[in-house]
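A quick write-up on the structure given underneath.
Chain letters run A, B, ... following the sequence lines, proteins first, then strands; residues in each count from 1. A quick note: this is a predicted structure, and the numbers were derived from the prediction, not measured.
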Amino acid sequence: MPHGKRKAKSEKSKLAKLAKLQKKKDAPKAAPKIFTKWLMKSEPESRIENGVEMKFSFDDLKKEPNETTCWDGVRNYQARNFMRDQMKVGQSAFYYHSNCKEPGIVGITEIVKEGYVDHTQFDSEDPHFDKSSSKEDPKWIMVDVKYVRKLKRFISLKELKQIHLEHKTNGGPLEKLSLFTRARLSVQPLTEDEFKFILQLEEEDPDEELKEEKS
DNA sequence: GCCAACGTTGGC
DNA sequence: GCCAACGTTGGC
């Protein structure tokens, strides 16, 4: 009875779908985490993209008028949504040097202007030009960030990774750090605990840590 | 400079 | 709406 069989199969898949939906419903509502701290990546070393210099180090930010810049060129939906929905004036962000010899966190910035239209998406000369976007319905936004201060010491990706791995095994504030769980995001969210923990690292002597690791 | 990881695109 | 192909990121 092919008809019945077909029906049985479709019933089954329907049930499976329902079960899946139910599971989703029952799952403890992963309360959408509210993030109040950030990590923003920038490339400190010279690289040419479509004839345009991409380098923008933490020192470059300090040289900007009012030590402030617009964070243009973000072309990733997750990153955009964080900027659009959660980033607020007054919040702190780590300044992270990526795609360079020594990747890691060099300093702290403050968000001084909330999401507004990123003009570079309309500029055909800009490496981040997006022909699929329109002025009537812009796709991409940016925020303004201001230099606050350098960290007392450079906190390398390597060091953070070691701690992350340790916390993943034994538990700890950096066990879910976006730098490793969502490595490619250029604007990453941090919880208060993650931010505090990393900030406190600047007080430690990295040599002492090294000694501890060796012993 | 290589390439793994992962986000995006487009054919079906 | 799936998923292969493609493009980009970014550590190494």
Side-chain angles (χ1 to χ4, degrees), chain A residues 6 9-21 23-24 32-33 35 38-61 69 71-87 93-107 109 118 120-134 137-143 145 151 154-168 174-190 194 198 201 206 210 213:
Chain A
R6 246 197 330 268
K9 197 181 171 189
S10 86
E11 285 291 312
K12 206 175 163 190
S13 75
K14 242 186 206 170
L15 279 174
K17 250 183 201 165
L18 278 173
K20 222 176 173 180
L21 271 171
K23 216 174 169 185
K24 223 177 182 177
K33 250 195 189 152
F35 295 103
W38 310 96
L39 178 147
M40 298 168 91
K41 295 182 186 172
S42 189
E43 302 185 26
E45 288 172 12
S46 185
R47 186 173 65 82
I48 306 298
E49 192 176 330
N50 296 348
V52 179
E53 171 70 75
M54 285 296 112
K55 161 183 145 67
F56 197 78
S57 69
F58 195 49
D59 287 335
D60 292 328
L61 172 62
T69 194
W71 208 258
D72 63 318
V74 174
R75 297 293 181 267
N76 170 286
Y77 291 108
Q78 270 196 325
R80 179 201 68 182
N81 294 348
F82 280 130
M83 291 200 294
R84 185 189 61 193
D85 305 334
Q86 298 199 46
M87 219 177 242
F94 285 130
Y95 200 101
Y96 178 89
H97 280 169
S98 73
N99 208 6
C100 59
K101 226 172 169 181
E102 274 198 297
I105 298 170
V106 287
T109 64
D118 176 349
T120 65
Q121 66 196 298
F122 309 122
D123 178 3
S124 60
E125 302 290 300
D126 193 280
H128 304 295
F129 173 61
D130 183 354
K131 67 178 192 304
S132 76
S133 186
S134 70
D137 187 19
K139 261 192 191 170
W140 306 109
I141 61 150
M142 58 189 184
V143 297
V145 305
L151 291 188
F154 174 71
I155 298 177
S156 69
L157 174 67
K158 199 177 151 200
E159 178 179 350
L160 289 168
K161 192 175 210 166
Q162 277 183 357
I163 299 170
H164 165 69
L165 289 176
E166 207 268 311
H167 286 189
K168 237 173 67 174
L174 299 196
E175 65 183 341
K176 288 178 183 154
L177 194 67
S178 285
L179 204 48
F180 306 104
T181 59
R182 296 185 255 192
R184 290 179 48 189
L185 257 192
S186 66
V187 175
Q188 304 195 345
L190 274 81
E194 288 168 341
I198 294 171
L201 290 177
L210 229 76
E213 278 157 26

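The nearest whole Å value for the distance from the CE atom in A/M40 to the P atom in C/dT9 is 16 Å. Atom CE of A/M54 is separated from atom C1' of C/dT9 by 14 Å (rounded to the nearest Å). When the P atom of C/dG10 is taken as reference, atom CD1 of A/I105 falls 14 Å away, rounded to whole Å. To the nearest angstrom, P of C/dG11 lies 12 Å from NE2 of A/H97. With rounding to whole Å, A/R182 atom CZ is found 17 Å from C/dG11 atom P. We find that CG of A/L157 is positioned 10 Å from C1' of C/dC12, with the value rounded to whole Å. The nearest whole Å value for the distance from the NZ atom in A/K131 to the C1' atom in B/dT8 is 13 Å. Atom CD of A/E102 and atom C1' of C/dC12 are 13 Å apart (whole Å).
In this view, A/D123 satisfies the salt bridge (Lys or Arg N to Asp or Glu O under 4.0 Å) rule with no residue, not counting sequence neighbours. Listed by chain and number, the residues in a side-chain hydrogen bond (donor to acceptor under 3.5 Å, both in side chains) with A/D130 are A/S132, A/W140 (sequence neighbours excluded). Residues meeting the side-chain hydrogen bond (donor to acceptor under 3.5 Å, both in side chains) test with A/Q188, sequence neighbours left out: none. Remark: A/K168 engages no residue in a salt bridge (Lys or Arg N to Asp or Glu O under 4.0 Å) (not counting sequence neighbours). By the ring pair (Phe, Tyr, Trp, His ring centres under 6.0 Å) test, A/F180 pairs with A/H164, sequence neighbours left out. Taking the side-chain hydrogen bond (donor to acceptor under 3.5 Å, both in side chains) definition, one finds that A/Y95 meets it with A/S42, sequence neighbours left out. The salt bridge (Lys or Arg N to Asp or Glu O under 4.0 Å) search around A/E166 returns none, not counting sequence neighbours.
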Give the table of side-chain donor-acceptor pairs shorter than 3.5 Å for residues 75-83 of chain A, with sequence neighbours excluded, one pair per line with atom names and distance.
residue, atom, partner, partner atom, Å
A/R75, NE, A/H128, O, 2.8
A/R75, NH1, A/D118, OD2, 3.0
A/R75, NH2, A/T120, OG1, 3.0
A/R75, NH2, A/H128, O, 2.9
A/N76, OD1, A/Q78, N, 3.0
A/N76, OD1, A/A79, N, 2.9
A/R80, NH1, A/K139, O, 3.0
A/N81, OD1, A/R84, NH2, 3.3
A/N81, ND2, A/Y77, O, 3.3

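Among the atoms of the strands shown, only primed sugar atoms or phosphate atoms (P, OP1, OP2) are found under 4.0 Å from some heavy atom of A/K161. A/Y96 comes within contact range of the sugar-phosphate backbone alone, with a heavy-atom separation under 4.0 Å but no base atom that close.
Between A/E49 and A/R47 a salt bridge is recorded (basic side-chain N to carboxylate O distance below 4.0 Å).
Between A/F180 and A/S132, the residue anchored closer to the 5' end of DNA chain B is A/F180, taking for each the nucleotide with the nearest heavy atom.
Using a 4.5 Å cut-off on side-chain heavy atoms (C-beta onward), A/F129 and A/Q121 make no contact. Within the 4.5 Å cutoff, the side chain of A/P44 has heavy atoms near those of the A/C100 side chain. Two residues are said to be in side-chain contact when any heavy atoms from C-beta on lie closer than 4.5 Å; A/L157 and A/I105 fail this criterion.
Contacts between residues 121-128 of chain A and DNA chain C, counted as heavy-atom distances below 4.0 Å, involve no residue at all. Of the residues in residues 71-83 of chain A, not one comes within less than 4.0 Å of DNA chain C through any heavy atom.
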Write down the protein N/O and nucleotide N/O pairs, taken from nucleotides 1-4 of chain B, whose separation is under 3.5 Å; answer none if there are no such pairs.
none

Would you please test A/E53 and A/S46 for side chain to side chain donor-acceptor pair (under 3.5 Å) and show each step? CA-CA 7 Å; A/E53 171 70 75; A/S46 185; 2.9 Å; yes
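The overall bend of the helix from B/dG1-C/dC12 to B/dC12-C/dG1, read as the angle between its terminal helix axes built from five base pairs each, is 10° when rounded to 10 degrees.
Within 6.0 Å of atom NZ in A/K55, more than 12 heavy atoms from other residues, nucleotides or ligands are found, so the atom counts as buried in its surroundings.
Look at A/K41 and you'll find a side-chain N or O under 4.0 angstrom from OP1 or OP2 of C/dG10.
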